[in-house]
**Student:** 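Mind having a look at this structure? Questions to follow.
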Protein chains: 2
Amino acid sequence: MHRHESHDACHTGVGDMLARAEAVCRERGLQFTPLRREVMEAVAEAGKAQGAYDIAEKLSAPGKRVAPVSVYRALDFLMQQGLVHRIASRNAFIPCAHGHAPGEGVVFLICRTCGLVDEASSEELEDGLDRTLKRAGFTPAHTILEVEGDCGACRERQQPS
Amino acid sequence: MHRHESHDACHTGVGDMLARAEAVCRERGLQFTPLRREVMEAVAEAGKAQGAYDIAEKLSAPGKRVAPVSVYRALDFLMQQGLVHRIASRNAFIPCAHGHAPGEGVVFLICRTCGLVDEASSEELEDGLDRTLKRAGFTPAHTILEVEGDCGACRERQQPS
DNA sequence: GCGGCGGTGATACACTGTAACACTCCCGCC
DNA sequence: GGCGGGAGTGTTACAGTGTATCACCGCCGC
Ligand SMILES: [Zn+2]
Ligand SMILES: [Zn+2]
Ligand SMILES: [Zn+2]
Ligand SMILES: [Zn+2]
């Protein structure tokens, strides 16, 4: 049993995320192999963004080494299926509990104190970005939107007013 | 003389950018050393985002090697002064010709065809992001907003309609 | 002179990600 | 049954990106 305090970034339990991942793969005719499952579980359990090498280390045991390259392959797969996200500014990965619509814009909120990463999405924000891009004559293919700062919980903890 | 076709991402000449950099440093009481100048020049001349190792190679000559670590130090300095930006999704750096207000939100438009990186800013977009963050109870400190896609010029070139 | 400080040179290292190849397993086909 | 062929994984080696550490130098104030 892993310790796992309740916190904002974890709307969904690990079991639920694994079940969803398995369902997604089955319904798309893709393989949810043991390695992919273990990587998904490691990302989901962590509670904060995990580097690929962290995951490789966590999955390795005396006698059974999991190489980073294998983790990368599993992560690539899980990202294609929308089950995990990559946090570019941290070179790390988080589970996704949301199942976004394709093309839906997402903001990653990265707390520099506790390290938790939350996701937010906003129609208004997306429209603003679309209009800005249109004005610039730019056709978007892929957007990275990450904000580093302090989450509500950490701000309260620092200023107990 | 370096070849330097006119293109969107280059609103300002290399000389102007160097002059501005020098002025900024003088007015802030900071040193615009030869190395920093060379790095600034290399970034400004390039016309597209440059990796730190690219810059190091460009500045090196037989008998005078510039190590990447020196380039990183100069780039850190120039970034703190707002003279260059780092493009996280490319691990590369571009000159800034704008002189942003502190805290001003900027979008980087990265063309996946020609590699040019343009900057756009938008009041509307910034307000949308602020409101989204406020709703999430998140206090931002630093934002990364990068869009990869096709710039107008490249889209026309591909579809000469 | 001397001490401190900012900048630079140089080496080594850590971290992140990918290429290439071999092997296995499974499944469809002959 | 034998036989491809493709997907997944193991393994090694390597490329790319960034940092830690120490030494040195030049300058400026004491
Ligand atoms: Zn998500
Ligand atoms: Zn926090
Ligand atoms: Zn700028
Ligand atoms: Zn272009």
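Only a predicted model underlies this, so the values are computations on that prediction, with no experimental measurement involved. Sequence lines set the chain letters: A, B, ... in the order given, protein chains first and strands last, and positions in each chain run from 1.
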**Student:** Do the charged groups of B:Arg37 and B:Glu22 touch, with an N to O distance under 4.0 Å?
**Tutor:** yes

**Student:** Between B:Leu75 (CG) and C:dT8 (P), how many Å, whole number?
**Tutor:**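 Spelled out: CG on B:Leu75 to P on C:dT8 is 12 Å.
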
**Student:** Within the sub-3.5 Å range, which N or O atoms of nucleotides 17-19 of chain C have a protein N or O partner, and how far apart are they?
**Tutor:**
unit_1 : atom_1 : unit_2  : atom_2 : d
C:dG17 : OP1    : A:Arg86 : NH1    : 2.4
C:dG17 : OP1    : A:Arg86 : NH2    : 2.8
C:dG17 : OP1    : A:Asn91 : OD1    : 3.4
C:dG17 : OP2    : A:Tyr72 : OH     : 2.8
C:dG17 : O5'    : A:Tyr72 : OH     : 3.3
C:dG17 : N7     : A:Tyr53 : OH     : 2.8
C:dG17 : O6     : A:Tyr53 : OH     : 3.4

**Student:** Heavy-atom distance under 4.5 Å between the side chains of A:Leu125 and B:Leu125, does that happen here?
**Tutor:**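 A:Leu125 vs B:Leu125: side chains touch.
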
**Student:** Less than 4.0 Å between a side-chain N and a carboxylate O, is that true for B:Lys58 and B:Glu38?
**Tutor:**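 A salt bridge is absent here (no side-chain N lies under 4.0 Å from a carboxylate O).
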
**Student:** If every non-hydrogen atom of B:Val66 is compared with every non-hydrogen atom of B:Ser60, which pair is closest and at what distance?
**Tutor:** N-OG, 2.9 Å

**Student:** Could you check, using the six-membered ring where one of them is a Trp, whether B:His98 and B:His85 have ring centers closer than 6.0 angstrom?
**Tutor:**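 Here the rings of B:His85 and B:His98 have centres that are no less than 6.0 Å from each other.
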
**Student:** Quick one, which residues of residues 21-43 of chain A touch DNA chain D with a heavy atom under 4.0 Å?
**Tutor:** A:Gln31, A:Thr33, A:Leu35, A:Arg36

**Student:** If only atom types and distance count, is the side chain of A:Gln50 paired as donor or acceptor with the main-chain N or O of A:Ala42 below 3.5 Å?
**Tutor:**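 No.
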
**Student:** How close or far is atom C1' of C:dT16 from atom CZ of B:Arg90, stated in whole angstroms?
**Tutor:**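 Distance check: B:Arg90 CZ to C:dT16 C1' gives 18 Å.
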
**Student:** Can a side chain N or O of B:Ser70 be found less than 4.0 Å away from OP1 or OP2 on C:dT8?
**Tutor:** no

**Student:** Rounded to the Å, how far apart are B:Ile55 CD1 and D:dG18 P?
**Tutor:** 11 Å

**Student:** Cation-pi check for A:Phe77 against A:Arg36: NZ or CZ below 6.0 Å from the six-membered ring centre and within 45 degrees of the axis, yes or no?
**Tutor:**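 Yes.
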
**Student:** Is a donor on one side and an acceptor on the other found under 3.5 Å between the side chain of A:Glu148 and the backbone of A:Arg112?
**Tutor:**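 Not at all, since once roles are kept as given, no pair shorter than 3.5 Å links the two residues.
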
**Student:** Report the distance from atom CD of A:Gln81 to atom P of D:dA7, rounded to the nearest whole Å.
**Tutor:** 14 Å

